Structure formats: C-alpha cells, structure tokens
Number of protein chains: 2
Amino acid sequence: MAKRILLVDDEPLIIKGLKYTLEQEGFETDSAADGEEALSKFFSGNYDFILLDVMLPKLDGITVCQRIREHSNVPIIMLTAKGEHIDKILGLEYGADDYMTKPFNILEVKARIKTIMRRASGTQPTEAKKVIRVHDMEINSVNRAVNLGGKDVRLTAKEFDLLQMFVNNRGKVFSREAMLETVWKYDYTGDARTVDVHIRRLREKIERNPAQPEFIFTKWGVGYYFTDKD
Amino acid sequence: MAKRILLVDDEPLIIKGLKYTLEQEGFETDSAADGEEALSKFFSGNYDFILLDVMLPKLDGITVCQRIREHSNVPIIMLTAKGEHIDKILGLEYGADDYMTKPFNILEVKARIKTIMRRASGTQPTEAKKVIRVHDMEINSVNRAVNLGGKDVRLTAKEFDLLQMFVNNRGKVFSREAMLETVWKYDYTGDARTVDVHIRRLREKIERNPAQPEFIFTKWGVGYYFTDKD
DNA sequence: AGAGAATTGTTACGTTTTTTTCCAATTTGT
DNA sequence: ACAAATTGGAAAAAAACGTAACAATTCTCT
C-alpha cells in the first residue's frame, strides 16, 4: 500500500518538484496551497506524512501543525525559508518531527522522509544500503567515498550526488531536467548543459574509457542512465 | 530487553529531543509533563531509569524524587536550570543519583546514563571503549585526556567532544548541521561557520601539520570526517 | 561579588576548489 | 550527408574553506 504524502506550499514550483520526485519514488501525493486548504484536506483525506511550509496564506504553517497535532501524530516536516526566525526549536515545539531549510534538494527530502518514516513505524531496516557494489565499483554513502578496482576515486559533492542518484535507480533514464530537479536545489534555474559537464567529469573519474562507458550511458535525445549490465 | 526510561519535563522540546536520541540508542522511553503524571506513570509502569526536571507543574521534582525513593532505588538524574539551587541535590540529600544543568547536550546525557546504568547494574552493555588509540594518538574518555606521540594535548571541552564524536564514527562524514546537533547544546542556533573555527582549533592541537591533516579531513561541499587510514 | 583568564562564538577576507558558462569539435540518427 | 545532439576544453563565476582578529561568554580564583 503506497504511502500518502500531503504537500503544503504556496509556491507551485516547489509542489511540482516534490510531487514529481516523490511519485517517482512510489508515494502518492496530494497538495494544498494555503493553510485552510491544508487542514481541510488533512481532515478529509488519510495521509501518512506531511510536508508543511511555515509561511502560508490564510493560516500559517505553525497553526496548521498545532491543529493537526490536536488530532493526529502523523509525521510532519516543516519547511522554512532561510532567515525566517522560525528556528528549529520553535518548529519542534509545536509538534513537528523535523524541519528543513529552503532551498533543499530532493535527495535531502527523500533521506529525511525515510528516516522519519522508519522512526515513526518502529520497524527499522528498509534502510537504504550503506555500501553499494557495481562491478568493481564500491559506493559508500556514509563516507561518501567511491572505490574503483581497489583505487579510491575523489568525487566532488555534486558528482557524488549524481552517482548516488544513478545507482539507486539503475537502468532508469533521467532527462537533464529531472536531474536538475533531483540533485540541484529546487530553485536552481541554470542551463541543462550544466548536467552534461558534470556527467562528463563523472565519466572521466569512474569510466576507464569515457568514450565507451561501462556505467553511465547516453540515451540519445533523452538523457542519461546508469546500468550494471552492458 | 530494552531499558525503559521515564522522561519528566514540562518543556515539550526537551522531551522531544531526549526521546529521539535515547530511542536511537536503543532505549524505550515514556514521558510525563508534570509531577503528578510522573508519579502515576512511575507507579503503574516499570522503569529502569528516570530523568527528572526539578521545576515541574503541580508537584516539584524534588518531592517526586523523595516519593519515588520511598519505594524504589531506580536510578534518577535530576535536571536543573542554571541558577536553581542545586546544592542540596548535589548532596544527594533527596536520593538522586546525579544531576545535570540545562541546557545540556546529547553527548552528556548519553554518557551520564551509561555511567549510572553501569554502576546500578554492575554489568555494562555496549560500552564505548574507554581508551581509543589511532596512530600515535590516545584518547581517554574517562579523564577526557588526549596524548599524542607521548605528549599530552590540552583540549577544551568542545574540542574534546568534537574529537570524541569523530573518533566514535570513524570515516563517517558529518555535515556542520549534524555536528551542531550532536555536540552543541540543544538550544544553540548558531552559525555553521562556528564549526569551521572549532575544527581549525582542534586541528592546530592534534595535527602535526594542520594544512595536511592526518586525522580530520575536509569533505568538500559536505563537511568533515575523521579517519585512521590516510 | 568582581577581576582576570580561558573558552567559545562572530565576522571579515584571502585562497582554493568547484560549478557554470561558452563555444568549437565531434558524434549520432535519419 | 545533414541536422540535431553530445562531448571536450578552457575560462569566468560562484561557492566553500581556512585563517586571523576580535567580541562575547563562561569559568576561576580570590
């Protein structure tokens, strides 16, 4: 049974990004653009998780959080813009389970949701693997280290995030836009060519022969994908 | 069998933080928000440990402590805000085993609970090593002393906490935010640059050449990590 | 309680590293 | 072969880090 997530934010861009990626992850999502809509949806629907912006039209996020808490222990992550003096303490005091500062990227969101889901359900594992092996490549997400045929490979933060995204979705073709939404902050408005450059450098580091990749393949006219069977 | 801890405090934030961390450590927790609830929970439930705030609604912590002591020797740590008269508690006149001054940090809490649990039960579960050696560095967590190649190194409290956090999680990359949550007091909402400065000072003391660290490495774009294999 | 010392936190700035942009060369599919 | 898409090199821009100097806070000792 798919988990249902309620996304509450008045910026359509954020809703769109979250919606897209979380649905790709197998969640069902629904959204609300202001505090009143959030409450009405929450009480009529049945949600397993809530992502709740603090600044909302009509009814602010903290009030929404409190109202929900009067009736439910559903996990809530609060979203705050950087600089909003809703510091963590305030947010947690009203019963939120965690908070995130905007802008964030999808990888972060997924990690937080998984952590909190696990904590809430009591059952632990279902945890993403800490070390992943593909051919002779070993990817350690705790150390953020990559080893290729016995040799350590030094990746930058973005390169590692990209690789991680690929490896966790082997075979899946990502468009450049999808990659920008996953690995970059949601408000990033850069060029899609940027992705090409990062792919190139990632290949230079993990492919023995970047012109004939073993790991990261080009899907002409679409994007890139990672696979272990060539 | 998991140890059960009763948390008594009227500040939801503190309950929340303690609950989270102690459950991560494998304890079961339950909480009470005032003195009466504390007593009623204590006498109906079965707890292995109690964290008890002094200032409580309805019935103060000292009275609660006395009442419990009339019936049980369960270990009790009292929590006091700074400035409260704790001398009497210190003398253990009311039967508490230890006390802590708010605000505290998570490392402190875990350490105290473990110490007292061990003293109380005689046996000690999953105890962290007292003396850890990495290369020619020796870290003694009992007297909080560090010796490097035969020479004693004087670390401040924060520096030692940081080092301890690192050494107990070798290889793991910590973001600045994660460090602030682990090593700093729970109500600290300072800047991430602060972490950099402490890292620098720690490096100045334990690294022969801070520009080319042997122990504490920078993970660009992410944070810092400690490792024994360079 | 208060002076002085030590520790901790803040800010600003130079340096290094990463990220992005731009454009030409090359490859790919029809 | 042609057009569209990708790749590669290099320079510009941005971000992250290290350092130092200073401010604030806490601790210590009288």
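All values derive from a computational prediction rather than experimental measurement. Throughout, a chain's letter reflects where its sequence line sits, starting with A, and its residues are numbered from 1.
In this structure, A:R193 does not reach the D:dA5 phosphate: none of its side-chain N or O atoms is under 4.0 Å from OP1 or OP2. Checking the phosphate oxygens (OP1, OP2) of D:dT7, a side-chain nitrogen or oxygen of A:T218 falls inside 4.0 Å.
Between the OH atom of B:Y224 and the P atom of D:dA16 there is a distance of 12 Å, given to the nearest Å. Atom CD1 of B:I199 is separated from atom C1' of D:dA20 by 17 Å (rounded to the nearest Å). Distance B:L202 CG to D:dC17 P: 17 Å, rounded to the nearest Å. When rounded to the nearest whole Å, the span between CG of A:D196 and P of C:dT19 equals 16 Å.
Among the atoms of the strands shown, none is found under 4.0 Å from any heavy atom of A:A211.
Residue-to-nucleotide contacts include no donor-acceptor pair under 3.5 Å from the side chain of B:R200 to the base of D:dG18. For A:R201 and D:dG8, a side-chain-to-base donor-acceptor distance below 3.5 Å is absent, hydrogens and geometry of angles not being considered.
Of the residues near DNA chain C, A:T194 and B:W184, the one whose nearest nucleotide (by heavy atom distance) lies more toward the 5' end is B:W184.
One finds no salt bridge joining B:R176 and B:D191 here, because no Lys/Arg side-chain nitrogen approaches an Asp/Glu carboxylate oxygen to under 4.0 Å.
The aromatic ring centres of A:F174 and A:Y224 sit 6.0 Å or more apart.
For B:K3 and B:F27, the positive end is not near the middle of the six-membered ring at less than 6.0 Å and at most 45° from its axis.
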